[in-house]
Structures are given as structure tokens and as C-alpha cells.
Enquirer: 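Dropping the structure in here first, questions after.
Just so you know, ligand 1 is whichever comes first in the structure, and atom 1 is the first atom listed for that ligand. Bear in mind the structure is a predicted one, so any value in this text is a computation, not a measurement.
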Amino acid sequence: MVVYLVGAGPGDPDLVTLKAVKALKKADVVVYDRLANEEILEYANGAEMIYVGKSAGKHSKKQEEINEILIKQAKKQEVVVRLKGGDPFVFGRGGEELLALLKEGIHVELVPGVTSAIGVPTTVGLPVTHRGVATSFTIVTGHEDPTKKEKQVKWNYNADTIVILMGVGHLKENTREIMKYKDPETPVCVIENGTRPDERIVLGTLDNISEKKINPPALVIVGPVVDVFKDIKENMPEDQV
Ligand SMILES: C[S@@+](CC[C@H](N)C(=O)[O-])C[C@H]1O[C@@H](n2cnc3c(N)ncnc32)[C@H](O)[C@@H]1O
């Protein structure tokens, strides 16, 4: 028995790794959630498919339930693939699943994926670092667990670029917090549904981005690299923009 903990990338089925494809091809069962592009599942032709993501109007399964499903499948099947959007360890709760499996003595193979946090900006031509402009970036959740007693996200990051995941719901409150430390005119780029056919880019500043219509899933990128992106876009051939 082996469980492959696999990152499926941000959506474009071509952005999945060869290692992920090899694991899927030998899978007896695939446990997947919403962000994984369904086309990728075709590599696992014939495998049992277990969906554990959120479905319309229903709550998603609790993490403990998912861990239990993984343990049960691992004890029953030769090859289990746990497929997760982006990279399993970037806000994917992959660490929790890994620990739960290891504690049961189950062998786990780890397959990284292209995280949306970096992969999505790259595909549109937005570099998260840029010589002379940004020497650091931070990736942060815009939706910290509301049950946490003490907030871990303080928004006082001194990184040149801030990439916010799960940042649509609390965009107004979060940009207000960031403006305590950064100029309200700091440029912001939002990328909705990155690498997918319905990808959409919204530009603004810290001061006005929350007034714009934005739908999840989206990335919020804050910092002067957004101006570099605008420059890159202007110089891109029409058919590439
Ligand atoms: C629970 S996190 C999972 C992140 C994932 N593990 C990764 O590495 O990309 C989900 C968040 O990732 C971001 N995200 C994932 N896929 C995206 C995409 N294709 N375009 C824009 N944002 C995306 C959004 O901020 C979304 O709310």
C-alpha cells in the first residue's frame, strides 16, 4: 500500500507533472477535491474515484473524515492517489494528511504541484520578484481560520510582493489592514480562475481594488511588480495578451 499525495496544479491540465501522471496511471483509487481539473482524472482510467470536495449547497467533508477515507483506502488498495489543487502543502492541508497516514504506518510518496501562488502570476507574465523592484515575496491566506484565538496574519509584512490566497471574501478588511503599512496607491492585480478558460484579470490599487467585482477562486497580488506586469503586457504581442 502506498498513498501518493499529489499536486494537480492550478487548473490547466498541461500544468500537471509527469510524476503526477505516472502515479495516476497506476492508481486503484483517486481521492480528489474541487480544484483539481477533471481532465487530469482521465489519466487514472479505470480507478475508483472518490470526491471529497465541496459540492453546491453542501459543506465539504471535515479534514478528519478525509484522513479516515485515506487511511481506509490505503489499507484496502495497493495504490491510492490523493489529488489536490496546486501544491499539496500550500494551503492544501497536505501536511495534516501526511501526518495522519504516517501515524498509521502507511507509506506516502510526495508529488509537488505547480502552486497557483506562483504559477498563475507566471502564466500571465507577472513576475513575483523583479531585479531592482522586488527582492522578496510572501504568500498569505486572506481567510484565516475564524476560530483561532490569536490571529497569526498581522499584515505588516515587509516583503515587496504579497500574494494573497483565498482573499476575495475579506478583501476590503485585508486591504484596509495592509494600508496601515503600505501606500494606498500600491498597485494590485487580481487573477481570477488563472490558467483556465474563464481567466480574468482585474487591476487596481490597495485603495480601490475591493470596490471591483471579483469572483473566487482568485489570487490577489500586491506590490510594485504589478507595474512591471503592466509594462510586460504593453510589450506583449496582441495574440499573447
Ligand atoms: C485552499 S487554497 C489551495 C491552494 C493550492 N494548494 C495551491 O497551491 O494553489 C485555494 C485558493 O488558491 C487560489 N487558487 C487556486 N487555484 C487558482 C486559480 N486557478 N486561479 C486563481 N487562484 C487560484 C485561490 O486563492 C483559492 O482561494
Enquirer: Looking at Lys148, I'd like to know if its NZ atom is crowded, meaning that more than 12 non-hydrogen atoms belonging to other residues, nucleotides or ligands lie closer than 6.0 Å.
Expert: yes

Enquirer: Does Gly85 have a non-hydrogen atom less than 4.0 Å from ligand 1?
Expert: yes

Enquirer: Can you list the steps and then say if Phe137 with Ile118 is a side-chain contact (heavy atoms from CB on, under 4.5 Å)?
Expert: CA-CA 10 Å; Phe137 65 92; Ile118 306 173; 3.9 Å; yes

Enquirer: If we only count N/O pairs under 3.5 Å, is Val90 in contact with ligand 1?
Expert: yes

Enquirer: Is there a polar contact between ligand 1 and Asp87, counting only N or O atoms under 3.5 Å apart?
Expert: yes

Enquirer: Working to the nearest 0.5 Å, report the span between CE of Met1 and NZ of Lys75.
Expert: 7.0 Å

Enquirer: Any N or O on Thr195 sitting closer than 3.5 Å to an N or O of ligand 1?
Expert: no

Enquirer: Need the ligand 1 atom indices (1-based, order shown) with element for anything under 4.0 Å from a heavy-atom of Arg196.
Expert: 16 (N), 19 (N)

Enquirer: Decide whether an N or O pair under 3.5 Å exists between Pro10 and ligand 1.
Expert: yes

Enquirer: CZ of Arg93 to CG of Asp33: how many Å apart, nearest 0.5 Å?
Expert: 11.5 Å

Enquirer: Would Val124 and Ile201 count as a side-chain contact (heavy atoms from CB on, under 4.5 Å) if you check the C-alpha gap in whole Å, the side-chain angles of each, and the deciding distance to 0.1 Å?
Expert: CA-CA 9 Å; Val124 300; Ile201 296 178; 3.8 Å; yes

Enquirer: Using a cut-off of 6.0 Å, state whether more than 12 heavy atoms not belonging to Lys19 lie near its atom NZ.
Expert: no

Enquirer: Are any of the N or O atoms of Val114 closer than 3.5 Å to those of ligand 1?
Expert: no

Enquirer: Can you list the atoms of ligand 1 that are under 4.0 Å from a heavy atom of Ile191?
Expert: 21 (C)

Enquirer: Relative to the heavy atoms of Phe91, which atoms of ligand 1 are at a distance of less than 4.0 Å?
Expert: 1 (C), 2 (S), 3 (C)

Enquirer: Which is closest to atom 22 (N) of ligand 1 in terms of heavy atoms, Gly194, Ala218, Ala8?
Expert: Ala218

Enquirer: Within a 6.0 Å radius of atom CD on Glu78, are there more than 12 heavy atoms belonging to other residues, nucleotides or ligands?
Expert: no

Enquirer: Take atom NZ of Lys151 as the centre, draw a 6.0 Å sphere, and report whether it contains more than 12 heavy atoms from other residues, nucleotides or ligands.
Expert: yes

Enquirer: Numbering the atoms of ligand 1 from 1, which are under 4.0 Å from a heavy atom of Ser116?
Expert: 7 (C), 8 (O), 9 (O), 12 (O), 13 (C), 14 (N), 15 (C), 16 (N), 17 (C), 23 (C)

